[in-house]
S.K.: 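The structure under discussion is supplied below as structure tokens; questions concerning it will follow.
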Amino acid sequence: MKKGIEIPQAIIDAIIRQSCDELPNEACGLLAGVDGVVKKHFPLENIDHSPEHFSFDPREQFRVLKEARAEGLRILANYHSHPSTPARPSDEDIRLAFDPDILYLIASLAGEQPVIRAFARTAEGGMSPVEIKKG
């Protein structure tokens, strides 16, 4: 099982804000850092403009990868929101979580309070929860 991820509260707040701002659609983005500690948040456009799934623009994603590398950071996680469902991976989320070296965060707006959870891809192809430490 992967270790947890440490995310500064300001970045958690920014993910929640983005998720709310992009309603009714899913929001998405990447988190970069070192040694499991997030240093930078990269909100991306959901080019699907859908409340049920998301896709990154490959050009925008490549720009973020280059920027992160130039700053000595690596991509630690991708994230997306679930506007009306819980913070757990959907079948589609599991199917599309192909990179075992990053974590997958889901921000749910389904309840009274937003919930963010992190997941790692398992060797069997599923997803298992990992701890989010607030920095």
S.K.: Name all pairs fulfilling the ring pair (Phe, Tyr, Trp, His ring centres under 6.0 Å) condition that reach into residues 15-42, sequence neighbours left out, sorted by first residue then second.
M.R.: His41-Tyr79
S.K.: Please determine whether residues Ile16 and Val115 belong to a single hydrophobic cluster, defined as Ile, Leu, Val, Met, Phe, Trp and Tyr linked transitively by side-chain heavy-atom distances below 4.5 Å.
M.R.: no
S.K.: Between atom CG of Leu109 and atom CD1 of Ile116, what is the distance when rounded to the nearest 0.5 Å?
M.R.: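 Interatomic distance, Leu109 CG to Ile116 CD1, rounded to 0.5 Å: 9.0 Å.
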S.K.: Can you confirm whether more than 12 heavy atoms, excluding those of Gln9, are under 6.0 Å from its CD atom?
M.R.: yes
S.K.: Taking atom CG as the centre, does Asp35 end up with more than 12 heavy-atom neighbours from other residues, nucleotides or ligands that are less than 6.0 angstrom away?
M.R.: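 Open.
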S.K.: I'd like to check the ring pair (Phe, Tyr, Trp, His ring centres under 6.0 Å) partners of Tyr104; sequence neighbours left out, ordered by chain and number.
M.R.: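 Tyr104 satisfies ring pair (Phe, Tyr, Trp, His ring centres under 6.0 Å) with no other residue.
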S.K.: In the structure I gave you, are the side-chain heavy atoms of Leu103 and Leu76 within less than 4.5 Å of one another anywhere?
M.R.: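 No, every pair of side-chain atoms sits at 4.5 Å or beyond.
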S.K.: Which distance, rounded to the nearest 0.5 Å, do you find between the OG1 of Thr122 and the CD1 of Ile94?
M.R.: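 It comes to 8.5 Å.
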S.K.: I need the Leu44 CG to Cys28 SG distance, nearest 0.5 Å.
M.R.: 5.5 Å
S.K.: In this structure, would Val38 and Val130 fall into the same cluster of hydrophobic residues linked by side-chain contacts under 4.5 Å?
M.R.: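 Both belong to a single hydrophobic cluster.
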S.K.: Which value, rounded to the nearest 0.5 Å, describes the distance between Asp48 atom CG and Ser55 atom OG?
M.R.: 3.5 Å
S.K.: Output, in order, the C-alpha distance, side-chain angles, deciding distance and verdict of side-chain contact (heavy atoms from CB on, under 4.5 Å) for Lys66 and Arg63.
M.R.: CA-CA 5 Å; Lys66 282 177 55 176; Arg63 178 191 54 78; 5.9 Å; no
S.K.: Could you walk me through whether Met127 and Asp93 pass side-chain contact (heavy atoms from CB on, under 4.5 Å), step by step?
M.R.: CA-CA 9 Å; Met127 303 285 273; Asp93 294 337; 5.9 Å; no
S.K.: Under a 4.0 Å N-O cut-off, is there an ion pair linking Lys39 with Glu71?
M.R.: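 Looking at Lys39 and Glu71, the cut-off is not met.
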S.K.: Output the distance between atom CD1 (Ile102) and atom CG (Leu30), rounded to the nearest 0.5 Å.
M.R.: 7.0 Å
S.K.: Compare every heavy atom of Ala27 with every heavy atom of Ser19, then report the nearest pair and how far apart it is.
M.R.: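 For Ser19 versus Ala27, the nearest heavy atoms are CA-CB, 3.8 Å.
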S.K.: Locate the shortest heavy-atom distance separating Val34 from Gly72; write the atom from each residue and the value.
M.R.: CG1-O, 3.5 Å
S.K.: So, do Glu26 and Pro83 sit near enough that their side-chain heavy atoms are less than 4.5 Å apart?
M.R.: yes
S.K.: Give me each pair satisfying ring pair (Phe, Tyr, Trp, His ring centres under 6.0 Å) with a member in residues 43-78, each pair once, sequence neighbours excluded.
M.R.: Phe54-Phe56, Phe54-His80
S.K.: Using 0.5 Å steps for rounding, measure from the CG atom of Leu65 to the CD atom of Glu60.
M.R.: 11.0 Å
S.K.: Are any side-chain N or O atoms of Arg69 and backbone N or O atoms of Leu73, one a donor and one an acceptor, separated by less than 3.5 Å?
M.R.: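 Such a contact is absent between Arg69 side chain and Leu73 backbone.
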S.K.: Kindly indicate, with the supporting measurements, whether the criterion side-chain contact (heavy atoms from CB on, under 4.5 Å) is fulfilled by Asp99 and Asn78.
M.R.: CA-CA 10 Å; Asp99 187 343; Asn78 80 32; over 6 Å; no
S.K.: If you look at every heavy atom in Lys134 and Ile12, which pair is closest and at what distance?
M.R.: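 Smallest interatomic distance, heavy atoms only, reads CG-CD1, 3.7 Å.
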